[in-house]
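The block underneath contains the structure these notes are about, expressed in structure tokens.
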Amino acid sequence: MLNIQNLHAETAGKAILKGITLAINPGEIHAIMGPNGAGKSTLAYTLGGRPGYAVTEGLATFDGADLLAMEPHERAAAGLFLGFQYPVEIPGVSNLQFLREALNAQRKQRGEEPLSGAEFIKIARAEATSLGLDHEMLKRPVNVGFSGGEKKRNEMVQMGIIAPKLAILDETDSGLDIDALKAVGHGINTIMRKPDKAVLLITHYQRLLDYVKPDFVHVLADGRIVRSGGPELAHELEREGYVGIDGVAA
Amino acid sequence: MTLALPSARDEAWRWSDLGALPALADAQPSGQPRAIDDLWIDTPGPRLLFVDGAYDTTRSNPGPVRIGSANPDASKHALGRLAGTTGWSLTLGRDAASETIQIVHVATGGANHLAAEIVLDEDATASIVESFAGEGWTNRAASIRLARSARLMVARRFVQDAGFQSHADTAEIGQGASLATTSLVAGAADSRLDGHLSISGIEAYAEAGGALLGRARQRHDAQFVVRHAAANGQSRQIWRAVADEQAIASAAARVEVARHAQKTDGEQSLRGLLLTRTAAINLKPELEIFADDVKCGHGATVGELDRQALFYLASRGIAPLPARAMLTRAFVADAVARIGSEAVREAFADTADDWLRGTIA
Ligand SMILES: Nc1ncnc2c1ncn2[C@@H]1O[C@H](COP(=O)(O)OP(=O)(O)OP(=O)(O)O)[C@@H](O)[C@H]1O
Ligand SMILES: [Mg+2]
């Protein structure tokens, strides 16, 4: 589904990703762990096409198409979802209005009919309920005044409504209390744990991986994947930290 | 007639470009108005149509509005005084309430002038919506006098396709009375809006605000003064200016608080959004306070669309143009949201959306 080869990227003139190779197949959940500043968010942003993140070498294909040649909104319509480490606040735009516009924009790009207001609200309410997000939050401006946990639940509600093929979730678990973590973990499983979908889960903690069992775990350090393994690798990192892993500076 | 216009050296006129007015004053209207059906808002009440400043009897239903002489009390205003003393007037007696009065002004070129006078007696209530469309120079002056506890809401949208739209309000607001004016400039013509609202009775409320949307080489300029001459008054001036391409949008809002106008609560919020760096926005909040126990706050900021928000919208599949329109709409929403009537508010929001589609999408 996602095929990354020797990806190099820089931001603000500084090389951050230094040759990442990673293949994600349908049905798989991959976790990426790594120390602060390793380049995890940069990888997510580069794949999402954020302005200011320039690919200097390598390639990435999504379902065979050149992902890096697409505009950010086209990547979304192609089925890529980016869960933000720091979801953005948008004053004056209601969550519902934003989500409806997003979903219909994607449907339009895929040549599908737009959903009516009533159809949309039904879907939005169902997703909010399943993620434990108060329905009132749907009417509020996007993320404005939301707590850290509410913002992350809101990201998951968006993911549920948009129903992407591939979700790249950047620290969706950080800042969550135990109940929210369970809700988010449950959300990821319900929405994304399907044979035709895949997830790239960026996290610092084993805890989320107790709820969302990864098939593969990778360690990213200094812009490179320095180690890959199965779920047991996450436990090892939890016990021993990153120090000692090849390529991670002490 | 030689037209005496203020010079750009005059502080109050330096952001306006009146250069097109002499030629318009000399030109003749074509007399062929554009279609007006879409200018009526679907709300019950009297409707008045003026074509090139002339009242159209057959297509109007004036209700309590009288046509004839009006004293706009704009002798001191450089453009307002040109509006003359012919026009419409609304006088409501004690406790009277009018349905929303709609007035459509269509111009077909040249220049047209019209005066208005609105006088509400104690506890009277009125709501007026005006739409300005067409082309040419449309010049208006209105005088408003509100007696004790009277309430007036005025919403105006300036959507001419070409030419120049000027409007000058003068208002006296009595004890406990309330005046709220909202202006939306969202056409393709230049504009100059003036207001001098005077709070002359205690516990009165004055609000003047709106949105100025400019593109191409348009110039929009709003200059409002609220003068608190009595105690316990409240005023709000909320302006949103948006400029794209080579447009220049300017807003100056001033609060004057007289020595005896204690416990005045005045707020000014001026915000500008530059859609391109070739456009310009001028904002000037001013306070002149002679009383010592007042609460006056003001803020003026000019910014660009939030890049992070644009990427966030893109990451959810929203293309750049609709994303820009969405954020711009959110930016002007505050100003339009203050209109009391839902039908009018929605019509104005649609007008702003049409402008956004024209310029951005
Ligand atoms: N706009 C920028 N300008 C300069 N340096 C940047 C910029 N964005 C990221 N960086 C740098 O790139 C490196 C990688 O940052 P990134 O956010 O990708 O790390 P991360 O692995 O996500 O870290 P964390 O675990 O703290 O979220 C860091 O050294 C960071 O300081
Ligand atoms: Mg990060």
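Since the model is a prediction, treat every value here as computed from it, not as a measurement. In what follows, chains are A, B, ... by sequence order, proteins preceding strands, each numbered from 1.
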Notebook entry, point to check: Would you call the rings of A:F98 and B:Y312 parallel, tilted or perpendicular, where under 30° means parallel and over 60° means perpendicular?
Noted result: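 Parallel: the ring planes of A:F98 and B:Y312 meet at under 30°.
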Item checked: Where B:A330 and A:P91 come nearest, the two heavy atoms and their spacing ->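 For B:A330 versus A:P91, the nearest heavy atoms are CB-O, 3.5 Å.
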Next item on the list: Give the minimum heavy-atom separation between A:A76 and B:R316, together with the two atoms involved.
Entry: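 Minimum heavy-atom contact is CB-C, 3.9 Å.
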Next item on the list: Measure B:A319 against the heavy atoms of chain A and call it side chain, backbone, both or neither at under 4.5 Å.
Entry: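 When you check distances to chain A, atoms from both the backbone and side chain of B:A319 fall under 4.5 Å.
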Heavy-atom neighbours of [X] [atom1] exceed 12 at 6.0 Å:
X: A:R193; atom1: CZ; answer: yes
X: B:R151; atom1: CZ; answer: no
X: B:D42; atom1: CG; answer: no

Notebook entry, point to check: Which answer fits A:I162, side chain, backbone, both or neither, if we ask what part of it has an atom under 4.5 Å from a heavy atom of chain B?
Noted result: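 Side chain only.
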Note to self: Report which part of A:Q158 has an atom under 4.5 Å of a heavy atom belonging to chain B: side chain, backbone, both, or neither.
What the structure shows: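 When you check distances to chain B, only side chain atoms of A:Q158 fall under 4.5 Å.
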Next item on the list: Test A:I90 against every option in B:L327, B:D306, B:L310 by the side-chain contact (heavy atoms from CB on, under 4.5 Å) rule and name the one that passes.
Entry: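 The option that passes is B:L327.
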Note to self: Measuring from atom NE2 of A:H73 to atom CD1 of B:I318, what distance do you get when rounded to the nearest 0.5 angstrom?
What the structure shows: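 Rounded to the nearest 0.5 Å, the NE2-CD1 separation comes out at 10.5 Å.
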Checklist line | Aromatic ring proximity B:F311/A:F84, centre distance under 6.0 Å | finding: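 Close enough - the centres of the two rings lie under 6.0 Å apart.
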Notebook entry, point to check: Step by step, would you call B:R307 with A:R50 a side-chain contact (heavy atoms from CB on, under 4.5 Å)?
Noted result: CA-CA 10 Å; B:R307 282 158 207 249; A:R50 183 174 186 147; over 6 Å; no
Margin query: Shorter than 4.5 Å, heavy atoms on both sides: which option in A:E74, A:E155, A:M159 has the most such pairs with chain B?
Written below: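 Counting heavy-atom pairs under 4.5 Å, the top option is A:E155.
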Notebook entry, point to check: Of all of B:Q308, B:M326, B:R329, which one pairs up most often with chain A through heavy atoms under 4.5 Å apart?
Noted result: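 Of the candidates given, the most pairs with chain A belong to B:M326.
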